[in-house]
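Note that the numbering runs from 1 along the sequence shown for the chain.
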Amino acid sequence: MQWGIRTKLIITLMAVIILPFGIAITITYYQTTKSINDRFVSTNHDLIVKGEAELSTYLEDVAQMSTVLYRYTPFMSVMRVGISDNLSSNQEEVRRMLAYTFNSRPEVEQMHLYIDKGKDSFTNYHSRISGRGKYESILSNPFYSRLSRSHDFSVIEPPHEIYSYNNLSVIPNSEKNQVLSFHTIIRDVPLDTILGFVSIDINLSKIRDISGRLYTDGIEDLYIMNEDGVVVYSSKNNVIGKTNKDAWFKQLKKEPEGNKSLEWKDEKFSGVIVYQKFSDSFKNWYIVKRIPYNVLYQGARQTVFTNIIIVIITLIIVLFATMFISLRLTAPIKVLIANMKKVEKGVFEADFESLGNDEIGMLGRHFKLMISKINELIEREYKLEIENKSSQLRVLQSQINPHFLYNAFQSIGTLALKLKAVQVYSLLNSLSNIMRYSMNMKDDIVPFLAEVNHVKSYLNLQKQRFDEQFEFELDIEKSIEEVLVPKMILQPIVENCFKHGFDQKLEKATIVITARGEHADYLCISVQDNGIGVKEDALEQLRRELAGNESDEKSKSAGIGLKNIYDRLKIYYSSQVEMEVDSSEEGGFTVTIIIPKDIQNEVVHP
């Protein structure tokens with residue numbers, strides 16, 4: 001028998017809920033108050049042991065943040081020679097390291113770096129890196145002085161109100177929160193020479209998060225104290241940063257090794273104190289949890305009764321919840337199956353808005369995206385096929401036997417050289433290059449340099465035609481010459497300059513073609529002439545045509561060449577292509593094209 005998801009879900013949920021509760025009630029029924037009491041103490045001790053391990057790992061990780069500085073050779077070089085050795089470069093290395101270390105943990109509030117060579121000081125407060133400051137009296141800081149006299153790598157300053165190192169950080173009074181400071185000495189390893197100091201101030205948010213999982217707020221108390229009894233963190237905010245002088249803590253420190261709890265009763269507290277001493281780097285620290293007697297006894301009295309009530313209520317809820325959840329879970333699956341069947345029949349549409357925000361909803365969104373992508377690919381493939389066939393037809397209609405033409409050009413060129421007509425040979429060579437490039441139907445994607453050489457041949461022919469009345473300039477960045485671009489995107493624009501831009505009254509016509517790499521990922525191409533330009537209303541009309549907001553065929557005639565180029569680029573680059581046109585009142589017309597350097601939609605034609 002094949003069960004559906006709904007049936008399996010109902011049976012599974014019922015089993016998962018009923019069986020554990022049934023077993024728990026049976027076991028709990030036979031427990032005594034003392035066994036529950038002992039288990040409660042043991043459980044809490046295990047909890048704070050895990051908390052101690054997690055806190056130790058976290059504090060050790062923060063203390064070791066400064067060790068990354070030793071692995072970065074350029075920074076250590078700056079520490080040895082000082083900032084002034086190469087001010088601009090060395091300051092940039094310091095800023096880079098401060099920014100990297102600061103952003104490595106979200107709880108870092110402030111960093112301070114002192115470089116002994118030159119006695120320079122920098123701070124990074126809330127990602128604001130200070131300017132360079134002199135710190136002549138560095139050993140006036142007791143923690144730096146302590147590190148310089150000992151062999152310790154780092155020392156922790158107990159929680160305190162954040163302050164500005166060397167008065168370099170601007171800290172508003174509203175942001176002066178308590179922080180825990182890790183002061184580290186930087187030595188010229190393996191030598192013992194002091195290169196400087198690093199201080200990292202962290203807020204107590206991470207410690208609060210870890211500690212918050214170790215006690216119940218409002219019922220139990222938690223203390224974390226260092227070797228001097230200073231409270232690093234507590235459930236009571238008013239004692240953080242103060243020294244614990246209570247009698248119970250003095251007694252706790254006298255307890256034999258291996259003890260894990262202490263029963264205590266005085267005017268302020270009556271209950272059980274569960275504690276754990278830190279190990280390794282923080283071996284003299286303590287984590288203490290205080291549990292009142294009334295909490296222990298209340299749990300013992302209510303556990304069995306509460307479990308019975310919970311099971312009865314849970315059974316009722318499960319009957320309704322499983323039905324509701326199963327319906328909510330399977331309904332969107334059925335919708336998705338129905339839409340998949342439509343796609344199987346060739347109808348690439350989805351008739352649902354959303355299937356929710358869970359994994360099934362994500363599956364539905366990706367299904368809709370898949371359908372949209374399929375439709376987009378089909379449309380693009382049709383456009384490319386139409387464009388390819390149209391291009392082939394245009395070439396076939398205008399094509400004369402190319403071998404005959406090339407041989408004729410070669411014969412005429414040879415004759416021109418024999419007659420010492422070098423200029424005629426050069427013009428024939430340019431014309432031959434133009435025809436070879438135009439008739440080559442195999443390559444639809446070419447290096448940008450090939451496109452530039454093609455338009456250069458075209459301009460050389462125009463230069464011969466207009467002589468001194470025409471000049472052109474090519475300003476092409478060397479690094480972009482091998483970038484692949486669609487073929488025949490420059491020559492039609494340049495041809496427009498001669499057709500629409502130059503007037504017979506113009507003394508000297510000029511065309512400037514510029515190409516630059518834009519922000520490493522984009523190619524910016526600009527074609528500019530000094531012709532008669534375009535009036536403002538005609539310019540706006542042309543922009544609307546390029547944007548696809550104009551349907552009148554007559555109005556499109558003036559910009560049909562630009563429009564065709566733009567539409568063809570959009571086939572390859574989709575929405576990543578930009579074409580801008582501009583003209584000034586004094587004349588001149590500029591066409592700017594911005595395309596990605598990486599052509600993703602390349603199609604290879606047979």
Side-chain angles (χ1 to χ4, degrees), residues 59 61-148 153-188 193-206 241:
L59 294 172
D61 288 347
V62 176
Q64 293 296 323
M65 284 175 63
S66 303
T67 60
V68 72
L69 306 178
Y70 288 96
R71 296 195 295 270
Y72 190 52
T73 304
F75 175 81
M76 291 302 297
S77 177
V78 173
M79 294 296 294
R80 293 187 183 96
V81 303
I83 291 291
S84 302
D85 184 66
N86 188 344
L87 185 60
S88 176
S89 175
N90 290 348
Q91 280 198 136
E92 184 61 28
E93 288 294 342
V94 169
R95 288 176 173 273
R96 184 182 296 112
M97 183 54 67
L98 283 174
Y100 171 80
T101 309
F102 182 92
N103 292 318
S104 63
R105 284 192 176 271
E107 57 269 25
V108 177
E109 294 282 335
Q110 181 180 215
M111 287 186 61
H112 173 243
L113 171 66
Y114 169 76
I115 304 174
D116 192 62
K117 183 71 173 181
K119 301 189 182 304
D120 293 317
S121 179
F122 296 84
T123 63
N124 187 354
Y125 174 71
H126 285 191
S127 296
R128 296 191 295 270
I129 301 177
S130 71
R132 183 173 60 147
K134 293 294 182 180
Y135 202 162
E136 300 288 346
S137 58
I138 187 66
L139 296 182
S140 62
N141 185 306
F143 297 94
Y144 292 160
S145 177
R146 175 178 165 184
L147 286 170
S148 66
F153 172 76
S154 64
V155 64
I156 299 178
E157 183 178 356
H160 59 90
E161 186 180 84
I162 192 170
Y163 55 83
S164 175
Y165 292 89
N166 201 20
N167 295 319
L168 293 176
S169 299
V170 180
I171 307 176
N173 291 329
S174 61
E175 298 182 8
K176 289 187 177 180
N177 303 320
Q178 282 190 318
V179 295
L180 190 66
S181 299
F182 292 74
H183 304 290
T184 305
I185 190 169
I186 303 177
R187 300 183 184 274
D188 193 3
T193 307
I194 298 175
L195 298 180
F197 299 92
V198 172
S199 295
I200 300 176
D201 297 346
I202 65 168
N203 58 44
L204 303 180
S205 61
K206 184 66 175 180

**Complete:** With sequence neighbours left out, the residues meeting ring-ring contact (aromatic ring centres under 6.0 Å, His included) with Phe143 are His183

**Item:** Neighbour count >12 (heavy atoms, 6.0 Å) for atom OH, Tyr100
**Value:** no

**Asked** Between Asn203 and Ser205, is there a donor-acceptor pair closer than 3.5 Å when you use the side chain of the first and the backbone of the second?
**Response** yes

**Request:** Answer yes when Glu107 and Arg105 have at least one side-chain N-carboxylate O distance shorter than 4.0 Å, and no when they do not.
**Result:** yes

**Prompt:** Would you call Glu92 and Arg95 a salt bridge, taking side-chain N to carboxylate O under 4.0 Å as the test?
**Reply:** no

**Message:** Tell me whether the count of non-hydrogen atoms from other residues, nucleotides or ligands lying under 6.0 Å of NZ in Lys117 goes above 12.
**Reply:** no

**Ser104 side chain vs Thr101 backbone, donor-acceptor pair below 3.5 Å** = yes

**Asked** For Arg146, does the CZ atom have more than 12 heavy-atom neighbours from other residues, nucleotides or ligands under 6.0 Å away?
**Response** no

**Request:** Please say which of Phe122, Tyr135, Phe182, Phe102 ends up in a ring-ring contact (aromatic ring centres under 6.0 Å, His included) with His112.
**Result:** Tyr135

**Prompt:** Within the distance-only criterion (no hydrogens, no angle test), does the side chain of Lys119 pair as donor or acceptor with the backbone N or O of Ser137 below 3.5 angstrom?
**Reply:** no

**Request:** On the 0 to 90° scale, with breaks at 30° and 60°, tag the Tyr144-Tyr165 ring pair as parallel, tilted or perpendicular.
**Result:** parallel

**Message:** Quick check: closest heavy atoms across Gln110 and Ser164, and the distance to 0.1 Å?
**Reply:** OE1-CA, 4.1 Å

